[in-house]
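Chain A is the first sequence line, chain B the second, and so forth, proteins listed ahead of strands; every chain is numbered from 1.
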Amino acid sequence: MSNEPSKPGINFIRNIIDNDLKNNPQNNRKWAGKPMPHSEFKGSTEQDTVAIRTRFPPEPNGYLHLGHAKSICLNFGIANDYHGLCHLRFDDTNPVSENSEYVESIINSVRWLGFDWDNQLFYASDYFDYLYSFAIKFIENGDAYVDSLSSDEIKDHRGTLTSPGKNSPFRNRAVAENLDIFEKMRKGNFKEECHVVRLKIDMESPNINLRDPVIYRIRHHSHHKTGKNWCVYPMYDYTHCISDALENITYSLCTLEFEDHRVLYDWILEKLVKYQIFENPLPKQYEFSRLNLTHIVLSKRKLVQLVSEKYVDGWDDPRMPTLVGVKRRGYPPESIKLFCDRIGVSKADSIIDYSLLEDCVRESLNNSCYRKFVIFNPIKLIIENYNEAEEFCDASNHPKTPENGTRKLPFSKELWIESTDFLVNPPKGFFRLFPGNIVRLKFGYVIECTRYEIDENGNPLTVYCRYFPDSKSGTAGSNKYKVKGNIHWLSSKHAIKCEINLFDRLFKSANPSGCDNFLTDLNQNSKVIVNALGEPSLAQTRKGDQFQFERHGYFIMDDTKNNGIPVFNRTVTLRDTWVKKNK
RNA sequence: UGGGGAGUCGCCAAGUCGGUUAAGGCAACGGAUUUUGAUUCCGUCAUGCGUAGGUUCGAAUCCUACCUCCCCAGCCA
């Protein structure tokens with residue numbers, strides 16, 4: 001129940017922060033209390049109230065997944081631990097693919113994980129005016145120009161990885177002309193693709209990001225926040241660093257693929273310092289390796305394909321690695337935070353075994369879930385010497401915490417047991433039911449298997465047994481029966497119907513992205529629906545309730561069908577050393 | 001064959017300025033407890049840090065060369 005906030009792991013980013021804080025304990029960062037360039041509050045001595053600021057900057061063009069969770073836990077976790085703040089900022093500079101539906105879902109998912117941004121919720125689009133005016137500064141200072149080459153021509157001029165690029169013929173356009181065209185771009189006088197604004201850096205740089213990157217393009221497209229106000233939109237590299245600086249971010253943490261963008265990040269901000277728009281210290285970008293997990297894909301393109309081509313039932317399909325998916329699967333937010341703590345943060349490419357995540361899920365569910373009896377594949381058990389009408393057995397709700405009480409399980413002559421708990425010819429070491437063997441019906445009586453009947457295919461149909469009246473759990477002397485096996489059971493006339501979704505890995509191989517076509521690696525049995533029987537108390541469950549079905553695993557109530565039958569999703573199985581041993 | 005990164009136990013991952021025994025977690029294996037073959041608890045688990053040389057009394061940590069893997073040529077982020 002009390003999931004201790006796990007200790008922050010040591011990682012290279014925390015080491016950097018520790019050193020920074022040690023070497024520069026006085027907090028000299030000025031901050032107007034809201035996003036603003038220093039030039040607008042010059043002379044003011046306002047200090048930031050917190051020592052560090054991080055940010056989680058999703059683009060609202062898709063659903064958050066476990067990879068984002070790593071970044072969220074890192075950014076919010078560090079902010080919490082250093083008594084700083086983590087901003088939630090939507091990087092919404094491309095109106096073509098973004099919308100507010102995604103914004104809402106992202107907000108919900110971050111909240112669901114349990115993080116709070118303390119009113120520091122921003123949008124890059126909030127900064128469009130600043131971004132535009134700073135672009136004018138770049139042009140005025142001869143650090144940017146309007147290029148009128150077509151996109152193909154720009155591509156041709158860019159050169160390749162091994163050969164330098166060539167200057168655009170428009171590179172030395174006069175400042176006044178640049179300003180004039182940019183103004184007209186903004187007014188909507190041009191079609192898309194006619195002009196772009198580019199930084200004037202170095203077309204021969206070995207780093208392609210420095211070969212005069214485009215910072216503004218024309219998009220005649222309505223924006224989810226700014227509507228029709230703009231038809232020129234800034235690009236990521238230009239926007240991100242400036243947004244960080246406006247928000248007084250100290251550590252801008254991103255994934256490895258942005259490593260060679262860092263010089264550009266610094267270049268832009270240093271120019272803005274020269275123009276006296278920002279002051280030092282500037283935000284610093286640090287990169288860490290993104291999350292990879294076995295048996296799943298995390299690339300946005302592939303996830304979209306799974307949904308749009310209906311390989312799964314939507315973004316919140318419990319097999320999806322989206323946060324809405326794992327929530328519906330029953331993974332608690334604590335388990336995801338635990339997982340993120342365990343995997344750590346580094347710069348090495350890695351692929352983490354999915355079972356590590358499952359282990360975290362079990363760990364966080366074990367203490368909190370009440371236990372229930374559910375039979376997946378029933379087989380009838382008849383107690384030949386039982387002649388009572390019925391009686392009740394006390395079953396504890398949780399084995400470790402008696403204070404959580406008990407429930408009454410009806411017991412009668414005719415029961416259901418799990419068909420896998422009875423074997424005619426058991427392998428060595430099997431200590432469940434087989435002819436002549438003794439087991440305890442958990443919370444009930446000890447029984448001895450006397451005989452069985454088979455159907456026309458030779459499969460066991462009914463198992464017969466006798467019980468020992470003085471063996472009832474909880475009664476004096478019942479412990480004199482020493483049994484190895486304890487199996488669960490249900491009184492056949494009291495059991496209720498339920499439907500269970502047995503989920504398994506979505507992909508068969510550890511690295512589906514390594515396949516020629518990842519779709520061929522889809523596990524056809526990733527979802528199996530079974531009609532099961534459950535104990536009577538399960539009739540009262542509500543959507544989202546989570547249980548451990550004893551000896552099976554953890555389950556979450558998904559819904560109630562029209563006919564009143566509850567549906568449960570399997571979150572994760574219990575660890576099973578017996579199955580493992582017999583594989 | 002340009003630039004930027006990474007290589008420490010099966011999977012992650014610590015390892016500030018070189019200093020006696022290379023953290024920790026997960027897995028695995030062994031054992032104890034257990035009315036879930038669950039949980040819990042104990043114990044074991046790298047003469048070795050991509051490879052080869054070198055510097056040093058001493059190197060995963062410094063130097064040199066090499067090998068392997070990842071990222072970058074969107075008017076995406």
[N] OP1/OP2 closer than 4.0 Å to side-chain N/O of [X]:
X        : N      : result
A/Arg217 : B/rC76 : yes
A/Thr93  : B/rA77 : yes
A/Arg362 : B/rU39 : no
A/Thr577 : B/rA38 : yes
A/Arg219 : B/rC76 : yes
A/Arg158 : B/rG74 : yes
A/Arg575 : B/rA27 : yes
A/Asn94  : B/rC75 : no

ask   = Side chains of A/Thr420 and A/Glu418: is there a donor and an acceptor less than 3.5 Å apart?
value =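 No, A/Glu418 and A/Thr420 have no side-chain donor paired with an acceptor closer than 3.5 Å.
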Of the listed nucleotides ([options]), which one gets closest to any side-chain atom of [X]?
X        : options                : value
A/Arg551 : B/rG37, B/rA38, B/rG15 : B/rG37
A/Gln548 : B/rC12, B/rU36, B/rC75 : B/rU36
A/Arg262 : B/rC76, B/rA38, B/rG5  : B/rG5
A/Asn479 : B/rU36, B/rA28, B/rU35 : B/rU35
A/Lys442 : B/rA14, B/rA6, B/rU35  : B/rU35
A/Asp91  : B/rA13, B/rA77, B/rG74 : B/rA77
A/His261 : B/rU35, B/rA77, B/rA13 : B/rA77
A/Leu161 : B/rA73, B/rA77, B/rU1  : B/rA73
A/Phe443 : B/rG5, B/rU35, B/rA77  : B/rU35
A/Pro206 : B/rA14, B/rG3, B/rC70  : B/rG3

request  = Scan A/Lys200, A/Arg171, A/Arg198 and name whichever one has a salt bridge (Lys or Arg N to Asp or Glu O under 4.0 Å) with A/Asp212.
outcome  =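 When A/Lys200, A/Arg171, A/Arg198 are each tested with A/Asp212, the salt bridge (Lys or Arg N to Asp or Glu O under 4.0 Å) holds only for A/Arg171.
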key: Qualifying residue for salt bridge (Lys or Arg N to Asp or Glu O under 4.0 Å) with A/Glu358, from A/Arg505, A/Arg570, A/Arg575   =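 Answer to the salt bridge (Lys or Arg N to Asp or Glu O under 4.0 Å) test with A/Glu358 among A/Arg505, A/Arg570, A/Arg575: A/Arg505.
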Using a heavy-atom cut-off of 4.0 Å across all strands, would you classify [X] as base, sugar-phosphate, or nothing?
X        : result
A/Pro399 : base
A/Tyr216 : nothing
A/Glu550 : base
A/Thr160 : base
A/Phe431 : base
A/Leu574 : base
A/Gly429 : base

Spacing of [X] atom [atom1] relative to [N] atom [atom2], expressed in whole Å:
X        : N      : atom1 : atom2 : answer
A/Arg342 : B/rA27 : CZ    : C1'   : 12 Å
A/Asn292 : B/rC71 : CG    : P     : 10 Å
A/Glu193 : B/rC75 : CD    : P     : 9 Å
A/Asp359 : B/rC12 : CG    : P     : 16 Å
A/Arg14  : B/rG15 : CZ    : P     : 13 Å
A/Asp244 : B/rA77 : CG    : C1'   : 14 Å
A/His68  : B/rA77 : NE2   : P     : 14 Å
A/Asp576 : B/rA38 : CG    : P     : 8 Å

ask   = Given A/Pro332, which of A/Val361, A/Thr571, A/Leu338 fulfils the side chain to side chain contact (heavy atoms under 4.5 Å, CB included) condition?
value =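 Only one of A/Val361, A/Thr571, A/Leu338 forms a side chain to side chain contact (heavy atoms under 4.5 Å, CB included) with A/Pro332, namely A/Val361.
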key: Cation over ring face, A/Lys442 and A/Phe373, 6.0 Å, 45°   =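 Cation-pi check for A/Lys442 and A/Phe373: fails.
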Report yes or no: is there a donor-acceptor pair, N or O only, under 3.5 Å between the side chain of [X] and the base of [N]?
X        : N      : answer
A/Arg198 : B/rC75 : no
A/Asp260 : B/rG3  : yes
A/Ser473 : B/rU35 : yes

ask   = Is the CD atom of A/Glu101 crowded by more than 12 outside heavy atoms at less than 6.0 Å?
value =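 It does not: A/Glu101 CD has 12 such atoms or fewer within range.
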inquiry  = Tell me whether A/Lys480 is salt-bridged to A/Asp470, with the criterion being a basic N under 4.0 Å from an acidic carboxylate O.
reply    =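 Salt bridge flag = yes for A/Asp470 with A/Lys480.
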ask   = With syn defined as a glycosidic torsion within 90 degrees of 0 and anti otherwise, which applies to B/rG30?
value =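 What B/rG30 shows is an anti base, its glycosidic angle lying more than 90° from 0.
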request  = Measure centre to centre between the rings of A/Tyr265 and A/Phe258, then say whether the value is under 6.0 Å.
outcome  =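 Between A/Phe258 and A/Tyr265, which both carry aromatic rings, the centre distance is not below 6.0 Å.
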query = With centres under 5.5 Å and planes under 30°, do A/Trp578 and B/rG37 count as stacked?
reply =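 Per 5.5 Å and 30° rule: yes, stacked.
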